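Here is the structure we will look at, set down as structure tokens.
Computed over heavy atoms, backbone and side chain alike; hydrogens, waters and symmetry mates excluded. In what follows, chains are A, B, ... by sequence order, proteins preceding strands, each numbered from 1. Being a predicted model, the structure only gives us computed values, none of them experimental.
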Amino acid sequence: MTFQERIESLDQKGGLRALAIGLIVAVMIFFAANITTSTQLAVGVVGIASLIVLKFFKKNENTRVVFLSIGAFLSLDYLFWRTFTTLTYYDLVSFTCAILLYLAEMYGFIIYGLSIFVNIDPLDRKPAPLPADEAEWPTVDVLIPTYNEEKEILEITLLAALAIEYPKEKLKVYLCDDGGTDQRCNASDPIKAALARDRRRALKDLCEKAGAHYCTRARNIHAKAGNLNNGMEHSSGELVLILDADHIPTVDFLRNTVGWFLKDPKMFLVQTPHFFTNPDPIEKNLKTWRKMPSENEMFYKVIQKGLDFWNAAFFCGSAAVMRRSCLEKVGGIVGETITEDAETALTLHSLGFNSAYIDRPMVSGLSPETLGGFITQRIRWAQGMVQIFLLKNPMLVRGLSFPQRLCYFSSSFFWFFPFARLTFSLAPAAFLFFSLKIYDSNFIDFLAFAMPHLISAFMVQAYLFGSVRWSFVSELYELMQSVYTFPAIVKVFLNPRAPSFNVTAKGEILNRDFISPLAKPFYVLLVVNLLCIFAGTYRTLFDPVHEFAIGITMFWALFNIFILFACLGALLERRQMRSTARMAAKIPGRLILGDRKIPVDIMDISNGGAALAIDEAYESQLLPDQLIQLEPDKDFDIEPGIFHIEIRNLRYRDRTLMVGCSFKHQSLEEMKRKITFVNGSSRRWMEFQFKREKAIGVWGSFVYLLGAGVRFSIEHLGVGLLGTIRRDRESRTFGSGAPVKP
Amino acid sequence: MRNRGQNRSRIRWETALALGIALAPLPAIAQQPSGAPAAPGVAAPAAADRSLVNASTVRLPLRQLIGPKEPIYLMNAQSTYTLFMPLSARYGVRSCKLHLNFTNSIALLSERSTLRVVLNDKVIAQFFLTRNEPDHTVDIEIPVKYLEIGPNQFQFVVSQHYTLECEDPAAPELWTQILPDESYFEAVITWNRIYPKLSLLQDLIDRKLWEPYRYHVCFPNGASGGISPTQLSWGSIVAQGVGLNLEYRPLTVTTGGALLAGVDNIVVGQQNELTQYLTATEIGAINGSFIAIKALPGDPTHFLLVISGRSEEEVGQAAYAFSLINFPLPDSQYAQVDRINFPQKDFWVRNAPVKDPGVYSFRQLGLEKNASIHGWNTGSVQLQTYMPGDLSQDDPSNIELRLHFAYGAAFRQDSVLNMFVNREFQYAIRMDDLRGAVAYGYKVYLPVKAFQPGRNLVEISPTMVPIVTNHCEMVQNENLWFTLYRDSDFVVPGLQKKARLPSFTLFSQTAFPFTSAPDGTGLAVFVAAKDNPTICATWMLLAKMAQISGSVLFRAELNFTVPKSKKDLLIVGPLDSIPPEVLTTAPVNLQQLGRLRYVVQVSPSPEATAIGPVQEVLERLRGVPSERSEREQPATVEMATTADLLDDTVAVAYESPFARARGAMVITARDTATLYNGIVNLQDRRYWDNLNGNLAVWNTTPRSLATARLGPEFIYKVDNPIKRTQNSFNGNPIVFVAVVFLTIGLLAFVMRYLLRKREIKEE
């Protein structure tokens with residue numbers, strides 16, 4: 001009997017699982033072992049050294065589990081020590097603060113542990129091929145829910161949906177309009193009612209011209225979930241593709257997703273990533289766009305794959321195909337919470353249905369442009385996930401497997417981060433100002449237990465997410481949100497059914513730089529932490545008794561200041577004039593000037609226009625406002641045809657004549673071709689993502705963020721103190737962020 | 001009377017050890033008149049008995065009142081040394097003197113330099129410290145009226161100057177040395193009448209006696225039929241009880257069938273065997289485990305203690321109850337022990353070692369009140385702590401002190417708080433805040449290596465210097481205050497346990513390994529001869545061990561046959577009675593005394609061979625050098641000689657021949673009398689405190705002690721497998737690290753296999 005056969009035989013008898021449990025118990029005994037500090041130090045040193053060595057073998061899949069196991073061991077070792085050694089009662093106030101800090105750390109531990117569990121073996125699922133006979137393909141309804149989005153945005157999404165490569169008789173596109181409901185058309189405010197009626201008429205016309213179906217309903221009940229359910233009542237396809245109003249699908253969307261429904265009859269969902277063609281406000285304000293992976297890539301490039309491994313990939317509200325029969329079993333999209341997407345997936349998973357996640361960007365959407373919009377979106381997510389935690393706690397819902405419970409728990413529990421972040425931001429002050437004893441340790445023990453944990457935690461994070469999430473970026477995003485999501489979460493706790501669905505504003509334009517009205521709480525946090533440094537310096541000079549504790553907390557306060565500088569940099573809202581972001585490209589083509597054709601290279605492109613590089617010899621033949629034609633070459637297997645363009649400007653870049661132009665399509669068909677050319681290829685988005693997926697390491701990330709944080713926070717202070725740019729009084733309302741609608 | 005007695009029997013006397021003793025009906029013995037107690041410090045009125053009128057001279061060397069090697073130096077312009085002279089209530093002191101031998105610096109200015117002797121705050125003598133005659137021998141008559149029962153405070157106070165002008169009060173030539181080995185107290189005493197109450201047992205078996213305490217144990221058939229193993233065990237428990245009551249003072253015990261005049265007597269036996277010692281009425285009062293005390297017939301200055309019962313079990317229980325009495329109750333002549341409730345865990349009468357890991361407040365270590373110290377160089381706070389007997393001397397961890405203290409303002413910048421462990425300096429804190437300070441939770445780390453198994457002394461000693469110390473300037477020291485709060489903590493980490501045996505050092509510190517279980521469960525005592533001196537020698541040795549460990553080894557197995565159990569083995573007997581089988585693993589053949597091995601020196605092998613930083617790190621990971629392998633065996637030369645033990649007593653320790661990793665020790669001499677005297681002398685600190693190695697030979701004529709290390713070492717076996725593994729891991733970090741990471745690796749392999757299976761299924 002070979003080794004492999006022995007293992008299989010052992011596994012069949014359940015021995016392998018028993019062995020795993022036994023080994024886990026053994027590891028737990030190691031934690032409880034009363035070993036000396038020097039032995040512990042040896043464990044830490046060898047553990048970290050092992051991680052460093054294993055990092056070089058990252059491509060070998062077998063080393064991944066070993067790496068994560070060692071990281072988890074070092075952190076659990078710290079957890080035992082932290083729990084049983086460092087919580088000392090000195091006085092009530094100190095102990096209360098110590099427990100708060102401990103709970104914040106415990107939050108981090110639970111999330112960290114769940115993160116390792118979820119991502120231990122991410123599933124890189126490939127699209128399942130469709131049968132050659134198209135008659136076997138299921139019918140699909142595309143539902144595009146809308147509430148207040150502009151017609152121009154909806155037009156692009158509708159045309160792109162209609163351009164999806166799928167048998168025409170099996171594909172129907174529905175625009176589900178909640179902005180033109182009877183309730184809104186008959187609103188008591190005559191202006192609002194008129195606007196709603198105009199909107200209904202315009203969108204109806206658009207659908208008719210494009211070949212889509214318009215549907216609305218009597219009342220706006222259950223927000224997006226209700227809207228989608230209404231759309232399902234008007235349609236009858238076997239599968240439903242749900243697209244947000246700004247989510248432009250690629251032509252291969254259904255070809256890459258529908259196959260899994262044929263392969264697995266219990267499949268209720270195939271989710272795909274959300275890909276954004278514009279920076280979110282933090283990326284934009286810190287100027288990290290195209291350099292650093294987007295914030296959502298950590299979720300869509302790694303975590304969803306990890307969830308998929310445990311059959312727990314969940315519906316993210318858009319860019320997903322769902323099976324109608326499954327949805328009907330639970331009464332359609334479930335809307336008890338304001339995150340109807342995750343709630344629906346949770347409910348269907350608990351009924352034994354399966355989900356899949358395909359990591360191929362097949363929609364291109366828009367991030368919120370302002371911090372106000374961004375925070376509004378995150379408050380909704382936080383409140384919705386906390387609602388799920390309270391009302392449909394994954395650990396208590398019947399029907400889920402244990403891994404699924406952990407996965408959903410991880411997704412909902414994650415949103416408690418504001419408590420931890422704010423605690424970490426204020427904890428140094430508890431010691432440095434008030435001498436509260438919140439962490440009872442000595443230098444040697446800290447070195448032996450805490451340092452290996454801290455180092456390994458950073459290494460594990462970098463190992464799991466390094467190429468899609470730079471170090472300290474999580475801290476930045478979480479702190480940015482925490483100040484505002486914390487009270488929102490408290491409200492949910494006080495009344496779990498109270499939150500209402502707020503639509504995230506998209507496609508806003510900012511016509512100048514200004515300080516976000518959300519900045520004030522961050523000034524307070526920054527001042528507190530700066531004062532901590534002063535207090536720490538003073539105490540170092542005059543209170544040598546606690547020099548170790550002072551040193552650690554000062555370092556901690558410095559770290560907070562580093563993050564807060566980056567926050568301040570992000571809170572200086574940058575001017576943004578384009579509503580459609582341009583994507584870098586290198587597509588050869590020709591300009592048609594009468595009977596002449598001039599060779600050009602398309603250097604960037606968007607639905608609005610393109611930048612063309614032309615030999616300077618042709619400068620004299622080109623004039624601003626000139627209407628000409630552009631004939632790009634085939635790109636990513638998409639035949640573009642000829643587009644009408646208008647020259648907007650001419651300028652030189654490195655001796656190359658750059659021509660800025662905007663598309664001036666002459667027909668709906670030309671517009672459809674342009675949308676397909678610009679947004680129709682998932683390969684283009686994959687290539688774009690790939691270019692910015694690079695790990696720069698913990699130190700590299702620190703230096704980058706420190707540079708950006710210091711530079712932009714100084715600009716921020718300059719704007720704030722010197723008033724170089726006048727603040728717009730109208731922009732002070734929360735969430736508006738001084739947008740100017742196109 | 002009967003009813004009254006029954007009522008009283010319901011009264012429970014519970015000690016901290018849950019010792020339940022109910023008062024029994026008043027027996028006839030209590031009806032007999034007994035002598036009135038003597039007035040403290042005053043000789044009892046002459047009685048008809050000659051023991052009252054026979055005065056004797058007793059002597060107490062100063063050395064016995066201080067540490068074994070501690071010098072008495074009086075430094076600086078003013079200095080005080082304090083010691084306490086004990087005085088027993090059993091003594092009637094007729095006269096007393098202090099024979100004092102001291103030497104002063106020849107740089108002292110005679111007319112301004114004095115030594116005064118203060119007894120209980122009264123100056124009883126003063127002397128000029130003369131530069132021309134620096135060596136002094138004086139006899140100081142001590143007024144008896146100033147003496148008190150209990151500790152008497154003696155202070156030696158010097159004022160020392162070298163000039164009439166301004167001077168440096170800390171000049172190094174300002175010194176006087178008192179010679180404790182040549183100085184002594186001498187008293188002419190008579191023995192007072194005793195007051196027979198059990199509550200006074202502590203004052204009768206009195207640690208304040210200047211001479212070794214003597215008592216006689218009577219067994220009903222001790223004279224005729226010899227002592228049975230059960231009686232041997234009872235005698236051992238009684239001896240340990242007496243020993244514990246005497247703390248560290250030596251004792252002498254004799255045994256026989258008849259009462260012995262002139263000493264305290266303890267009768268141990270069953271109710272029906274006591275006719276030769278008690279009246280019928282007294283015997284009739286014994287209704288269970290019974291302890292009673294009365295004056296020795298014909299000698300009111302000594303007592304007769306009765307330990308009895310109706311069965312062997314009841315006698316054993318009474319003996320054990322006697323050994324645990326450490327509280328002045330019951331205030332009666334007799335007590336009946338209904339039951340003894342043992343605590344659920346190991347317990348000690350005193351000297352309980354710290355548990356690890358654990359946090360102890362200083363209050364638990366004896367600092368009952370906050371300690372305030374005032375003045376310049378005027379003392380320290382001393383804490384006693386007891387460490388487990390198997391504490392590894394290579395433990396690299398630290399004991400943490402969380403000090404809560406306050407100090408006064410306007411200290412000079414070099415004022416410090418020094419910390420000592422067992423008189424060795426460990427750490428200092430500067431007290432340099434001119435405004436004074438209060439520190440709460442100041443952490444200080446003391447290496448575990450500084451501690452020894454058994455008793456340890458932690459001293460926290462403030463050296464406070466006033467900010468103005470210039471010559472010819474008024475120096476005030478009212479600001480020199482230091483307070484240590486009793487809620488400071490002594491944090492014991494997880495200690496590494498690994499005892500390297502055989503070791504007389506460890507034996508003298510903690511009686512390890514024989515006291516590894518405080519109740520003696522793991523100890524088997526083989527008394528090689530049945531004669532009384534050998535038996536008494538065994539009891540005295542066990543009593544000394546009980547004193548050291550602070551516990552009664554009541555579960556120790558005592559026998560006259562070779563115990564071939566897996567226990568630690570203690571063998572006591574004259575040389576010719578020791579069977580060869582118990583000596584098979586001994587490093588010296590005691591049967592062939594003509595063949596001896598002598599230790600010689602060879603060039604030692606280095607403990608570490610690392611010569612570079614990388615090797616050093618690797619060596620550290622492999623474990624501390626002494627843990628890596630057995631220590632180097634001492635080189636010996638064996639020579640055949642014609643020799644005899646003569647008056648020597650020999651002790652040798654080695655690995656038990658009957659169980660691996662267990663200790664064995666033989667104490668023997670040429671004959672029983674020599675053995676008896678040898679054990680009596682062994683209790684003397686000059687012998688006991690200097691034991692080391694694993695072979696000791698001592699004699700009193702002339703006084704000598706020779707020790708050597710011979711034969712192989714072994715690591716003492718820890719019973720608990722978890723502790724054993726833990727010790728092994730701590731001693732060999734690399735093994736622990738290897739086991740941990742191999743386990744993780746195996747776990748990762750299994751998880752990877754199971755995950756892969758799932759992955760294939762998902763795909």
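Only the side chain of A:L19 comes within contact range of chain B, with heavy atoms under 4.5 Å apart. With a 4.5 Å cut-off on non-hydrogen atoms, B:R430 does not touch chain A at all. Neither the backbone nor the side chain of B:V448 comes within contact range of chain A, judged by heavy atoms closer than 4.5 Å. With a 4.5 angstrom heavy-atom cutoff, B:L754 touches chain A only via side-chain atoms.
Salt-bridge annotation for B:R752 and A:D121: present, with a side-chain N of the basic residue lying under 4.0 Å from a carboxylate O of the acidic one.
Annotation: the span from B:L747 atom CG to A:I21 atom CD1 amounts to 11.0 Å, rounded to 0.5 Å. Atom CD in A:Q40 sits 7.0 Å away from atom CZ in B:F736 (nearest 0.5 Å).
Contact count against chain B (heavy-atom pairs under 4.5 Å) is highest for A:N62 among A:L41, A:N62, A:V27. For the set A:A20, A:A26, A:A356, A:G22, the count of heavy-atom pairs under 4.5 angstrom toward chain B peaks at A:A20.
Of all the heavy atoms in B:A748 and A:V65, the pair that sits closest is O-CG1, 3.6 Å.
Each of A:L23, A:I70, A:L74 was scored for a side chain to side chain contact (heavy atoms under 4.5 Å, CB included) with B:I744, with one residue passing: A:I70.
Heavy-atom contacts from other residues, nucleotides or ligands closer than 6.0 Å to NZ of A:K58 number more than 12. Under a cut-off of 6.0 angstrom, the local environment of CZ in B:F425 is crowded, with over 12 non-hydrogen atoms contributed by other residues, nucleotides or ligands.
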Passes side-chain contact (heavy atoms from CB on, under 4.5 Å), B:L755 versus A:F309? Steps please. CA-CA 9 Å; B:L755 289 170; A:F309 178 80; 3.5 Å; yes
